[in-house]
Amino acid sequence: MNAAQDSQWMARALRLAERGLYSASPNPRVGCVLVKGDAVAGEGWHQRAGEPHAEVHALRAAGDAARGATAYVTLEPCSHHGRTPPCAEALIEAGVARVVVAAQDPNPQVAGAGMARLRAAGIAVDCGLMEAAAHDLNIGFFARMARGTPWLRSKIAMSLDGRTALNNGKSQWITGAAARRDVQHWRARSCAVLTGINTVLADDARLNVREIEGAARTRWGEALGCGKGGQAADCVPKVLDELGAAAVRQPLRVVLDSQLRMPLDARVLYGGGSALIYTASEDGGKSAALRDFGAEVVMLPDAAGRVDLVAMLRDLARRGCNELLVEAGSTLNGALLRAGLVDELLLYLAPQLLGDAARGVAQLGELTSLEQRVNLKWRDVRQVGEDLRILARVEKE
């Protein structure tokens with residue numbers, strides 16, 4: 001096949017992989033298309049951890065037509081026995097002639113071994129086609145495998161003059177209903193949502209995914225190129241109908257609470273899914289009470305008596321957290337930014353002014369030189385309802 005055809009089929013595989021946006025974690029989102037001649041012989045995507053991988057779904061759909069076909073896979077086929085058998089071996093046994101891979105698997109258990117196994121069996125292998133797109137689709141998985149911490153995305157709703165709450169703490173609602181619905185998508189794709197105890201005390205935040213079906217149908221439609229906004233839901237190929245409501249899993253709800261000030265009637269303890277509290281407090285009675293309500297309490301103190309932020313991120317990575325969404329106030333946002341732990345800012349900018357007495361985005365302390373500033377790189381800017389949504393990547397040395 002020529003380069004244009006290869007790109008066409010890999011793009012299709014990437015669109016399939018996007019269907020796992022809300023359900024595949026902690027595994028990567030992967031799609032596979034088997035092509036014979038100029039036609040699709042079979043295709044598939046990885047739906048949930050523990051279930052067959054994309055290659056297996058595609059091979060089952062293709063049957064005998066897989067022999068001599070070209071497989072387009074968005075991530076290197078696995079070569080090890082995990083919850084499922086190795087996909088590289090399945091492709092070899094099916095008799096495919098060629099495998100085109102978008103990105104090498106960053107998992108040390110694979111990391112080139114899958115492609116080496118295919119080549120050893122006489123199969124032609126090409127790697128690197130649309131690698132950037134495959135990497136961005138699984139940015140949290142790549143981060144967790146490469147550095148042992150999740151991809152940290154901080155969501156901030158703010159006024160045009162950079163204020164996130166009034167001086168008395170009131171912040172509901174700065175942004176409009178459309179922006180708040182849009183946040184549900186970012187929660188749903190995240191493995192965990194993190195906030196600080198001050199936000200819990202001020203807003204009684206639940207941190208769970210709501211309006212699941214509407215958010216999922218719209219986002220899947222946009223991912224598959226079906227249209228924009230509410231029109232997208234009309235042409236989604238019934239992904240939710242196939243998988244049911246469980247296709248969108250609830251993220252782990254995480255609260256940073258150094259002194260265990262969590263009220264036992266806080267909604268975050270009851271919002272569906274699991275609640276995890278990181279603390280530096282040795283109050284065994286309060287810890288026991290929180291555990292009785294189903295929360296997990298983990299002690300991770302630093303030398304200053306606060307929660308060790310790096311240790312917290314490493315612990316979340318060990319739990320399989322790929323993408324971490326932070327929904328917090330200026331104190332926690334500032335601490336994470338000062339520590340260099342934020343990868344990306346998800347900013348919702350409302351067309352309003354709250355004045356200089358209102359609270360800011362992040363407590364960074366006084367900067368005495370421009371070299372101390374946090375530099376950002378715009379990734380995406382679009383209007384959501386009456387607000388602007390800006391996705392900006394933090395530039396790191």
Side-chain angles (χ1 to χ4, degrees), residues 9-35 40-63 65-67 69-119 121 123 125-127 129-131 133-142 144-145 189 191 220 223 237 239 242-244 246-247 249 320 322-323:
W9 297 121
M10 186 59 78
R12 181 166 180 153
L14 285 164
R15 287 195 296 272
L16 285 168
E18 287 172 337
R19 297 195 190 187
L21 194 65
Y22 304 126
S23 61
S25 295
N27 286 357
R29 300 136 183 164
V30 181
C32 177
V33 178
L34 289 168
V35 178
V40 174
E43 60 186 21
W45 54 285
H46 182 48
Q47 299 174 8
R48 297 188 187 93
E51 296 185 5
H53 290 184
E55 298 93 325
V56 173
H57 283 297
L59 289 170
R60 287 176 179 173
R67 186 163 299 278
T70 295
Y72 295 87
V73 191
T74 59
L75 194 68
E76 177 184 7
C78 61
S79 57
H80 66 292
H81 283 270
R83 297 184 188 181
T84 59
C87 292
E89 191 61 39
L91 291 168
I92 292 169
E93 291 178 358
V96 301
R98 179 176 175 235
V99 177
V100 182
V101 177
Q104 179 175 302
D105 194 330
N107 187 340
Q109 292 181 293
V110 184
M115 291 186 288
R117 193 165 179 174
L118 293 168
R119 291 187 177 109
I123 297 174
V125 178
D126 297 305
C127 182
L129 179 63
M130 297 187 176
E131 182 177 11
H135 181 277
D136 282 351
L137 181 60
N138 287 299
I139 198 163
F141 181 76
F142 275 83
R144 179 165 67 90
M145 290 296 163
R189 68 171 287 167
C191 299
W220 259 314
V239 175
E242 296 171 6
L243 298 181
R249 44 150 184 70
N322 293 330
E323 295 183 26

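FYI, the numbering just counts along the sequence from 1. Just so you know, these numbers come straight off a predicted model, no measurement behind them.
Checked for salt-bridge contact, Arg19 and Glu43 miss the test: no charged N lies under 4.0 Å from a carboxylate O. Taking 4.0 Å as the cut-off between side-chain N and carboxylate O, Glu89 and Arg117 count as a salt-bridged pair.
Here the CG-SG distance, from Asn107 to Cys78, works out to 9.5 Å after rounding to the nearest 0.5 Å. Here CG of Asn322 is found 10.5 Å from CZ of Arg189. Values are rounded to the nearest 0.5 Å. Separating the CZ atom in Arg12 from the SG atom in Cys32 is a distance of 11.5 Å, to the nearest 0.5 Å. Considering CE of Met145 and CG of Asp105, their distance stands at 7.0 Å, rounded to 0.5 Å. Taking CG from Leu14 and CZ from Arg29, the interatomic distance works out to 13.0 Å, rounded to the nearest 0.5 Å.
Looking at Glu76, its side chain does come within 3.5 Å of a backbone N or O of Ala113 through a donor-acceptor pair. Checking side-chain atoms of Ser23 against main-chain N and O of Gln47 turns up a donor-acceptor pair under 3.5 Å. Within the 3.5 Å criterion, the main-chain N or O of Ala102 finds no donor-acceptor partner in the side chain of Thr74.
Contact check for Leu21 versus Leu137: side-chain heavy atoms found under the 4.5 Å cut-off. Side-chain contact between Leu75 and Phe142 is present, with at least one heavy-atom pair separated by less than 4.5 Å.
Closest of all the heavy-atom pairs between Glu55 and Leu91 is CG-CD1, 4.3 Å. Closest of all the heavy-atom pairs between Leu34 and Ala66 is CD1-CB, 4.2 Å. Closest heavy-atom contact between Asn27 and His46: ND2-NE2, 3.0 Å. Considering every non-hydrogen atom in both Ala54 and Val30, the closest pair reads CB-O, 3.4 Å. Closest approach of Arg119 to Val125, counting heavy atoms only: NH2-O, 3.4 Å. Nearest heavy atoms, Met115 versus Cys127: SD-CB, 3.6 Å.
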| Verdict with supporting geometry, Tyr72 and Leu16, side-chain contact (heavy atoms from CB on, under 4.5 Å) | CA-CA 11 Å; Tyr72 295 87; Leu16 285 168; over 6 Å; no
| request: Show the numbers, then the answer: is there a side-chain contact (heavy atoms from CB on, under 4.5 Å) between Arg98 and Asp126? | output: CA-CA 8 Å; Arg98 179 176 175 235; Asp126 297 305; 3.0 Å; yes
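For Arg144, the salt bridge (Lys or Arg N to Asp or Glu O under 4.0 Å) test picks out no residue, with sequence neighbours left out.
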